[in-house]
Amino acid sequence: MAKPVIQVENLSKAYQIGQIGSRTLSKDIDRFWQTKILGKEDPFLKIGETNDRSTKGGSNIVWSLKDINFEVSQGDAVGIIGKNGAGKSTLLKLLSRVTSPTTGEIKVKGRIASLLEVGTGFHPELSGRENIYLNGAILGMRKKEITRKLDEIIDFSGVERYVDTPVKRYSSGMYVRLAFAVAAHLESEILIVDEVLAVGDAEFQKKCLGKMGDISRGEGRTVLFVSHNMSAVQNLCNKGIVLENGGISLNGSINDVINKYLLDDINFNQSKIFYNQDCKEVNGISKVEIIGSESFHNHNESIVIKISSDLPISDCFLGVALLNSHKSKIFTTVAKVDKKTKELICEIPENILLEGSYSIDVATFNGDLVYEYLGDICSFQVVDLVNDYKIYNGNIGDLKIDCKWLVN
Amino acid sequence: MKSTQDQSDWDLVIKGHSSLFDLKFNDLWRYRDLLVMFVKRDFVSFYKQTVLGPLWFFIQPIFTTIVFSFVFGNLAGISTDRVPKYLFYLAGITSWNYFSDCLTKTSTVFKDNANIFGKVYFPRLIMPLSIVVSNLVRFGVQLLLMVCMMIYFYFFPIPKTSFHSTEAIFLLPFLVLLMAFLGLGLGLIITAMTTKYRDLTFLVTFGVQLLMYGTTVIYPLSYAREKGYGAIVELNPMTGIIEAFRYAFLGKGEFTMWSLGYSISMTIIILFFGIIIFNKTEKNFVDTI
């Protein structure tokens with residue numbers, strides 16, 4: 001096994017929530033008196049609550065991270081996923097030394113460069129070239145290092161023409177391109193990236209992801225990547241960590257982690273039968289059900305969707321769209337409803353869907369007029385016990401299409 | 001999660017609490033290029049889109065000198081130790097400005113840079129150090145102005161006044177260092193405390209102005225002694241430095257080893273204390289600011 005380059009031990013971080021600032025002096029004195037003079041436990045850290053933003057806690061201290069332990073080996077690309085407020089950003093902040101942990105420690109081997117934001121420290125009055133030097137230096141590069149890579153950076157950014165123009169005249173896209181170009185050329189052993197790729201156009205995003213892939217796979221450097229974009233994480237990373245309420249809930253290879261994470265999400269929120277509480281009067285749908293008692297369907301079984309309504313529906317179209325685990329539409333199928341009916345059956349043929357988790361959209365409509373729209377309901381799993389696609393790390397797409405092959 | 005490596009294999013250990021005296025000077029040295037960049041940035045952004053550009057460095061001290069000469073010299077009639085009034089005030093203003101710029105600008109370092117400090121790590125001390133160095137440029141320009149004025153008054157002397165520079169002029173780099181470190185040290189203490197208690201920012205803005213009157217900027221130390229306030233003024237560590245500065249350039253002033261020694265020891269204590277409290281604050285200030 002490769003040597004660990006980051007080792008996190010019992011890491012915790014507490015934050016004080018609510019009003020900070022009013023009467024802090026008296027509180028500070030009180031706290032100092034209690035802990036240092038009387039030798040009691042720190043009253044502010046005593047109440048250990050997990051970080052759950054939706055429930056109301058008793059104290060105004062939350063543990064944004066609580067007793068985190070993990071290791072990252074050299075060359076790993078680790079995706080850190082979790083819901084908002086799970087502690088992802090706090091973990092990155094601790095790793096990049098922006099703030100320090102309350103308890104526990106992080107051991108690091110090699111230089112860390114963190115990219116929590118693109119263009120940190122850019123000065124609007126300075127030219128692009130001057131900002132490359134400034135930003136590079138802020139990120140920890142030496143001047144001669146930047147000079148050596150200057151052409152490469154300018155080339156990658158694609159803003160050669162404007163490199164001597166003050167960056168305040170840049171469009172926001174150009175700004176981001178330049179900033180990412182600097183960061184991408186850091187020579188650090190460990191790169192920490194927060195969701196910075198949500199900016200820039202599609203072409204540049206692809207370029208960034210490609211560059212990050214090169215960094216982790218080609219150059220053997222370690223990457224920690226936080227994103228909500230599951231396909232980006234899946235493409236880029238080989239390991240995954242899921243944070244939930246300040247603790248690690250899953251840790252393992254990226255495909256396992258993402259599948260379990262999405263499955264947890266589905267089990268928590270949805271089931272195979274969907275009852276519409278808010279059924280429309282005209283052409284409304286009251287219930288959608290995927291037939292079968294098991295939550296898993298074999299890939300060589302057809303999937304039967306039963307759509308029913310309390311009041312008969314007529315003179316409209318009924319559409320069913322299939323979504324994959326990343327909530328992207330795979331295909332849509334539409335039926336025309338002429339005569340009054342209370343029940344429709346849609347059957348997705350066998351041997352079409354590959355292994356993975358899916359859900360559906362169901363809608364009734366007529367032209368521009370939408371009667372009922374039910375998005376992302378009735379999740380189900382498809383398993384494939386026969387075929388095993390090892391290539392692409394198990395990510396083989398969603399559809400199984402038998403194409404004609406001609407072997408010459 | 002057992003590690004097979006021993007402690008010494010790790011390049012960096014991030015912990016909640018570290019030694020108070022771990023000042024991370026080698027980290028600081030590694031980021032020296034950043035310091036240069038910040039200084040350059042400050043300088044360039046100062047005069048970009050201004051018509052007069054670096055000339056602005058001159059305008060403030062010239063006008064202050066004129067107003068001081070009029071108010072304190074002509075109206076109040078405070079003695080200037082038989083040194084030409086303009087030179088006397090300019091010498092005081094130049095050195096006081098450098099000290100007060102270092103102090104006021106470093107005293108808001110955490111607040112002004114919360115955004116960048118919250119996103120990326122570099123030794124935080126780089127920022128106040130870069131401010132001190134940037135101000136050095138301004139100080140140099142003002143010093144040049146003073147030298148020009150000295151040359152002028154040498155050829156066109158004002159009757160009943162005299163001045164001459166002394167060998168103490170070789171102490172100049174050392175005096176500048178003292179002013180910088182004293183301002184820096186006080187600024188660091190204040191910025192560290194303002195992360196929690198904003199009140200101090202208000203105190204600094206007018207406090208520095210008031211403190212000037214407690215320093216020998218607009219009057220010579222001999223005059224303060226005459227009036228019986230010498231001891232109070234001498235308690236101010238800046239007094240010794242400014243007196244030495246004036247003695248070096250103009251040959252007047254109460255320059256003694258004792259007063260300079262007092263300033264040196266105060267500077268060292270304040271700077272040391274400032275760096276420690278700054279380093280302690282920098283680790284977590286992002287959470288409270």
Side-chain angles (χ1 to χ4, degrees), chain A residues 3-4 7-13 15-16 20-21 24-25 28 69-71 93-117 120-121 123-127 130-131 133-146 166 189 194, chain B residues 1-18 24 27 30-49 113-124 126-127 130 193 195-199 280 282-289:
Chain A
K3 276 203 291 188
Q7 188 177 328
V8 173
E9 288 172 355
N10 302 322
L11 189 73
S12 300
K13 175 76 184 174
Y15 277 108
Q16 191 181 347
I20 305 181
T24 45
L25 187 59
D28 282 353
N69 286 289
F70 67 90
E71 267 186 8
K93 274 186 179 173
L94 292 178
L95 282 166
S96 48
R97 289 205 278 169
V98 162
T99 181
S100 70
T102 310
T103 58
E105 58 184 34
I106 304 168
K107 293 172 186 164
V108 183
K109 206 170 159 54
R111 211 164 94 177
I112 294 188
S114 63
L115 204 54
L116 302 192
E117 176 191 69
T120 310
H123 195 285
E125 296 286 352
L126 300 183
S127 73
E130 288 166 323
N131 268 311
Y133 277 100
L134 180 64
N135 189 233
I138 288 177
L139 293 172
M141 279 200 262
R142 301 298 316 280
K143 195 177 172 188
K144 51 178 189 287
E145 213 175 302
I146 304 169
E189 288 82 15
D194 202 352
Chain B
M1 293 289 161
K2 268 268 184 288
S3 161
T4 49
Q5 304 181 348
D6 33 290
Q7 201 77 6
S8 57
D9 268 5
W10 299 104
D11 293 333
L12 172 71
V13 178
I14 304 170
K15 283 192 292 199
H17 304 281
S18 61
K24 291 177 283 197
D27 232 16
R30 213 161 54 75
Y31 275 86
R32 61 192 180 275
D33 284 346
L34 183 59
L35 187 116
V36 180
M37 291 296 163
F38 277 139
V39 173
K40 217 166 128 186
R41 178 196 69 174
D42 287 348
F43 190 72
V44 173
S45 59
F46 180 77
Y47 69 80
K48 275 242 169 120
Q49 285 214 350
N113 299 291
N115 191 29
I116 174 169
F117 283 176
K119 292 296 177 192
V120 65
Y121 173 82
F122 52 85
R124 304 310 192 208
I126 289 277
M127 205 50 119
S130 81
M193 295 177 84
T195 58
K196 268 198 159 174
Y197 314 110
R198 288 282 170 89
D199 318 48
K280 192 166 161 48
E282 70 159 34
K283 297 168 73 176
N284 278 319
F285 93 99
V286 175
D287 307 337
T288 51
I289 197 132

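Chain letters run A, B, ... following the sequence lines, proteins first, then strands; residues in each count from 1.
- With a 4.5 angstrom heavy-atom cutoff, B:D27 touches chain A only via side-chain atoms.
- Residue B:G118 comes nearest to A:V98 through the heavy atom pair O-CG1, 3.3 Å, listed as atom of the first residue, atom of the second, then distance.
- With rounding to the nearest 0.5 Å, the separation of NZ in A:K144 from CG in B:D33 is 7.5 Å.
- Looking at B:R124, the atoms closer than 4.5 Å to chain A (heavy atoms on both sides) all sit in the side chain, from C-beta outward.
- You'll find the side chain of A:R97 stays beyond 4.5 Å of the side chain of B:E282, heavy atoms only.
- Contact count against chain B (heavy-atom pairs under 4.5 Å) is highest for A:R142 among A:M141, A:R142, A:R111.
- For the pair B:F38 and A:I138, the minimum side-chain heavy-atom distance is below 4.5 Å.
- Contact annotation: the side chain of A:E130 never approaches that of B:R41 to less than 4.5 Å [non-hydrogen atoms, C-beta and beyond].
- Contact of A:L95 with chain B is made through the backbone alone, with heavy-atom distances under 4.5 Å.
- Partners of B:N115 according to the side chain to side chain donor-acceptor pair (under 3.5 Å) rule, which considers only residues two or more places apart in sequence or in another chain, do not exist here.
- Distance check: A:H123 NE2 to B:D42 CG gives 7.5 Å after rounding to the nearest 0.5 Å.
- Only the side chain of B:V44 has a heavy atom closer than 4.5 Å to any heavy atom of chain A.
- Contact of A:L94 with chain B is made through the backbone alone, with heavy-atom distances under 4.5 Å.
- For the atom pair CE of B:M37 and CG of A:N135, the computed distance is 11.0 Å after rounding to the nearest 0.5 Å.
- For A:S96, the part lying near chain B is the backbone, with the side chain staying farther off; criterion is any non-hydrogen pair under 4.5 Å.
- B:F122 touches chain A through its side chain: at least one heavy atom from C-beta onward sits under 4.5 Å away, while N, CA, C and O do not.
- Contact tally against chain B (heavy-atom pairs below 4.5 Å) for A:L126, A:V108, A:L134: the top residue is A:V108.
- By the side chain to side chain donor-acceptor pair (under 3.5 Å) test, A:K13 is found to be paired with A:T99, B:N284, B:D287, residues two or more places apart in sequence or in another chain being considered.
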